Amino acid sequence: MKTSLSSDIVFIVGPSAVGKSAVALELAACLQGEIISCDALQVYREIRIASDRPSAAAMAAVRHHLFGCVSVEELFNAGRYRTLACSAFEDVLSRGRLPVFCGGSGMYMAVLLDGIFESSRQPDPALRQALEDECARRGCSCLYDRLCAVDPVSAAKIKTNDRQRIIRALEIFALEGRTLSSLQGERVGLWGGRYRVRLFFLDRPREELYARADARVEDMFALGLVEEIKALQELKLSASAAKMIGVPEITGFLCGAYDLQRSRDLIQRNTRRYIKRQLTWFRREARLEHIGIPCGQSPAQTAAFIAQRLAEV
RNA sequence: GCCGAGAUAGCUCAGUUGGUAGAGCGAAGGACUGAAAAUCCUUGCGUCCCCGGUUCAAUUCCGGGUCUCGGCA
């Protein structure tokens, strides 16, 4: 079917296990679109089952971007994502197709919509490591005190024992010679720019979401999750890949810390907590158009509903 | 049937020398802008099994009951 587009870029976001991928696939298929990942883990090549990457059939039916584009050994982060995602959607647009971003990483969506400050310098792993070491040795509050002196605006927004953010803020100051808070004021993103952007948030009742997520974890085990994670042991995982849900839990099992059942329970629990955090993130995002998916509705029906909304406005 | 032990937050339990109670886990809410599937913050009135008794006051002591778990038959 041919629909006249009223948007240049579409986002399909929502919590884990809500059914984003299937809806995005249907939507892209009927609007001549291409899918771009908006997910922090689906970019990793070696993690197929654990990140619930779209099937080969789905990828053959509609062109997908950024899925499995980097190795788990590489450091990946929001900055790199933004660079890759921007060139991907420009590529899609240049071929007259509709970019459909799909994923559950709220921050990656925010980074595209609102931007991120542009760093002139290369990240310095040694500097990060030095800050890590100092934090481990002398405690978080010691670094926090330093941040208060250097960048009181950022310090006011960061909790005294939020290791990750304290280190990040100090790292930026050391690297750029300017404070994180001042740099963050200079961000420019897609929102409010020359593109028409529509954000669709897919949702289901919490209990249904949890049940679907639990079932999906069972499926992952059946598909060979343990083998997939076991294979990663040969590699040197980057910090970002090593903390993905599934890796620590299965590694614990492989080391004999507990049985398989326990690792599955942990993965299910951690997935539920992750879903909760996603919901918290998206809840305060006022730009989203909420799409509640009724129980039993097919992805094609949801996609048709969204396509209609796109055509109307 | 007898003898023990127990019954307290969703779960596992602690505790109150009698002044209506608190840990862990789970759960919920929140923050979030280059690790984000990350990192971090906040939140526990619950017929203290039921009915009586003693007492100014009982979840705590006493008696009876119900149920659960051991052991013995």
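These values consider heavy atoms only, across backbone and side chains, with no hydrogens, waters or symmetry-generated copies. These figures come from a predicted structure and were not determined experimentally. The chains referred to below are lettered A, B, ... by the order of the sequence lines, with proteins before strands, and numbering in each begins at 1.
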Student: Do you see a donor-acceptor pair shorter than 3.5 Å between the side chains of A:S238 and A:E74?
Tutor: no

Student: Please identify each residue that fulfils side chain to side chain donor-acceptor pair (under 3.5 Å) with A:S298, with sequence neighbours left out.
Tutor: A:Q301

Student: Taking the P atom of each, how far is B:A28 from B:G71, in whole Å?
Tutor: 39 Å

Student: Using atom types as modelled, flag every donor-acceptor pair under 3.5 Å from a side chain in residues 242-255 of chain A to any protein atom, sequence neighbours excluded.
Tutor:
{"residue": "A:E249", "atom": "OE1", "partner": "A:G246", "partner atom": "N", "Å": "2.7"}
{"residue": "A:E249", "atom": "OE2", "partner": "A:N270", "partner atom": "ND2", "Å": "2.7"}
{"residue": "A:T251", "atom": "OG1", "partner": "A:V247", "partner atom": "O", "Å": "2.5"}

Student: Using a cut-off of 4.0 Å on non-hydrogen atoms, how would the nucleic acid contact of A:K157 be classed: base, sugar-phosphate, or nothing?
Tutor: nothing

Student: Students often mix this up, so state it plainly: with edges at 30° and 60°, are the rings of A:F101 and A:F89 parallel, tilted or perpendicular?
Tutor: perpendicular

Student: I'd like the C1' distance from B:U42 over to B:G4, given in whole Å.
Tutor: 45 Å

Student: Given B:A27, B:A37, B:A35, which nucleotide is nearest the side-chain atoms of A:Y274?
Tutor: B:A37

Student: Whole angstrom is fine here: how far is it from CD1 in A:I245 over to C1' in B:A36?
Tutor: 11 Å

Student: Is it true that a side-chain atom of A:S182 and a backbone atom of A:R178 form a donor plus acceptor pair closer than 3.5 Å?
Tutor: no

Student: Kindly say if A:S105 contacts the phosphate of B:A37, meaning a side-chain N or O under 4.0 Å from OP1 or OP2.
Tutor: yes

Student: With a 4.0 Å cut-off on heavy atoms, is A:F117 in touch with a base, just the backbone sugar-phosphate, or nothing at all?
Tutor: base

Student: Restricting to side chain to side chain donor-acceptor pair (under 3.5 Å), what partner residues turn up for A:R146, sequence neighbours left out?
Tutor: A:E134

Student: Return whichever of A:Q278 or A:D114 has its heavy-atom-nearest nucleotide of RNA chain B closer to the 5' end.
Tutor: A:D114

Student: Taking only heavy atoms on the protein side, list every residue of residues 125-138 of chain A lying under 4.0 Å from any atom of RNA chain B, sorted numerically.
Tutor: A:R128, A:E132

Student: Return the set of residues passing ring pair (Phe, Tyr, Trp, His ring centres under 6.0 Å) with A:Y44 (not counting sequence neighbours), or none when no residue passes.
Tutor: none

Student: Suppose the criterion is ring-ring contact (aromatic ring centres under 6.0 Å, His included): which pairs have a residue in residues 197-244 of chain A, not counting sequence neighbours?
Tutor: A:F201-A:F282, A:F201-A:H290

Student: Give A:S51 one of three labels, base, sugar-phosphate or nothing, depending on what nucleic acid heavy atoms sit under 4.0 Å from its own.
Tutor: base

Student: Classify A:A110 by what it touches in the nucleic acid, base, sugar-phosphate, or nothing, heavy-atom distance under 4.0 Å.
Tutor: nothing

Student: Can you sort out the partners of A:F305 under ring pair (Phe, Tyr, Trp, His ring centres under 6.0 Å), two or more places apart, ordered by chain and number?
Tutor: none

Student: If the C1' atom of B:C11 is compared with that of B:A35, how far apart are they to the nearest Å?
Tutor: 34 Å

Student: Using heavy atoms to find the nearest nucleotide of RNA chain B for A:G79 and A:G106 separately, return the residue whose nucleotide is more 5′.
Tutor: A:G79

Student: Quick one: A:R277 CZ to B:A35 C1', roughly how many Å, whole number?
Tutor: 13 Å

Student: Represent RNA chain B in dot-bracket notation, 5' to 3'. Only Watson-Crick or G-U wobble pairs with both distances under 3.5 Å count; pseudoknot-style crossings use [ ] and interstrand partners use |.
Tutor: (((((((..((((.....[..)))).(((((.......))))).....(((((..]....)))))))))))).

Student: Roughly how far apart, to the nearest Å, are B:U68 and B:U12 at atom P?
Tutor: 15 Å

Student: With rounding to whole Å, what would you report as the distance between B:C69 and B:G26 at their C1' atoms?
Tutor: 24 Å

Student: B:A36 C1' sits how many Å from A:M107 CE, rounded?
Tutor: 5 Å

Student: Round to the nearest Å and state the distance from A:N77 atom CG to B:U39 atom P.
Tutor: 16 Å

Student: Please state how far atom CD1 in A:I166 lies from atom P in B:C40, giving the value in whole angstrom units.
Tutor: 10 Å

Student: In whole angstrom, give me the gap between the P atoms of B:U66 and B:A57.
Tutor: 29 Å

Student: Is there a side-chain contact between A:N270 and the phosphate of B:A37, meaning an N or O under 4.0 Å from OP1 or OP2?
Tutor: no

Student: Decide, yes or no, whether a salt bridge links A:R95 with A:D91 under the criterion of side-chain N to carboxylate O below 4.0 Å.
Tutor: yes

Student: Measure CG/A:L75 against C1'/B:A35 and give the value in whole Å, please.
Tutor: 7 Å

Student: Let me know the distance between CG of A:L279 and P of B:A27, rounded to the nearest Å.
Tutor: 14 Å

Student: Between B:G22 and B:U17, how many Å separate the two P atoms, rounded to a whole number?
Tutor: 14 Å

Student: Of the listed nucleotides (B:U39, B:A37, B:A31), which one gets closest to any side-chain atom of A:Q164?
Tutor: B:U39

Student: Whole-Å distance between B:A37 C1' and A:K276 NZ?
Tutor: 15 Å

Student: Mind checking if A:A241 touches a base, just sugar-phosphate, or nothing, with heavy atoms under 4.0 Å?
Tutor: nothing

Student: Report yes if a side-chain nitrogen or oxygen of A:Y108 is closer than 4.0 Å to either non-bridging phosphate oxygen (OP1 or OP2) of B:A36; otherwise report no.
Tutor: yes

Student: Using a 3.5 Å distance criterion without hydrogens, assess whether the side chain of A:D8 forms a donor-acceptor pair with backbone atoms of A:R196.
Tutor: yes

Student: Quick one: which residue pairs count as a ring-ring contact (aromatic ring centres under 6.0 Å, His included) with a foot in residues 135-155 of chain A, not counting sequence neighbours?
Tutor: none

Student: Within the pair A:R272 and B:A27, is there a side-chain N or O less than 4.0 Å away from OP1 or OP2?
Tutor: yes

Student: According to a strict under-4.0 Å criterion, is A:K243 in side-chain N/O contact with OP1 or OP2 of B:U39?
Tutor: yes

Student: From the options B:G34, B:A36, B:C25, select the nucleotide whose nearest atom is closest to the side chain of A:R269.
Tutor: B:C25

Student: Mind listing the residues from residues 206-213 of chain A sitting with a heavy atom below 4.0 Å of RNA chain B? Number order is fine.
Tutor: A:R206, A:Y210

Student: How far, in whole Å, is B:C48 from B:A7 if one measures between their P atoms?
Tutor: 14 Å

Student: Can you find an N or O donor on one side and an acceptor on the other, under 3.5 Å apart, linking the side chain of A:R165 with the base of B:U39?
Tutor: yes

Student: What's the spacing between A:R48 CZ and A:E228 CD if we round to 0.5 Å?
Tutor: 8.0 Å

Student: Hydrophobic cluster mates of A:V188, side-chain heavy atoms under 4.5 angstrom, ILVMFWY only, any path?
Tutor: none

Student: Can you run down the salt bridge (Lys or Arg N to Asp or Glu O under 4.0 Å) pairs that involve residues 251-271 of chain A, sequence neighbours left out, and say none if there aren't any?
Tutor: A:E218-A:R264

Student: It should be established whether A:R273 places a side-chain nitrogen or oxygen under 4.0 Å from OP1 or OP2 of nucleotide B:G26.
Tutor: yes

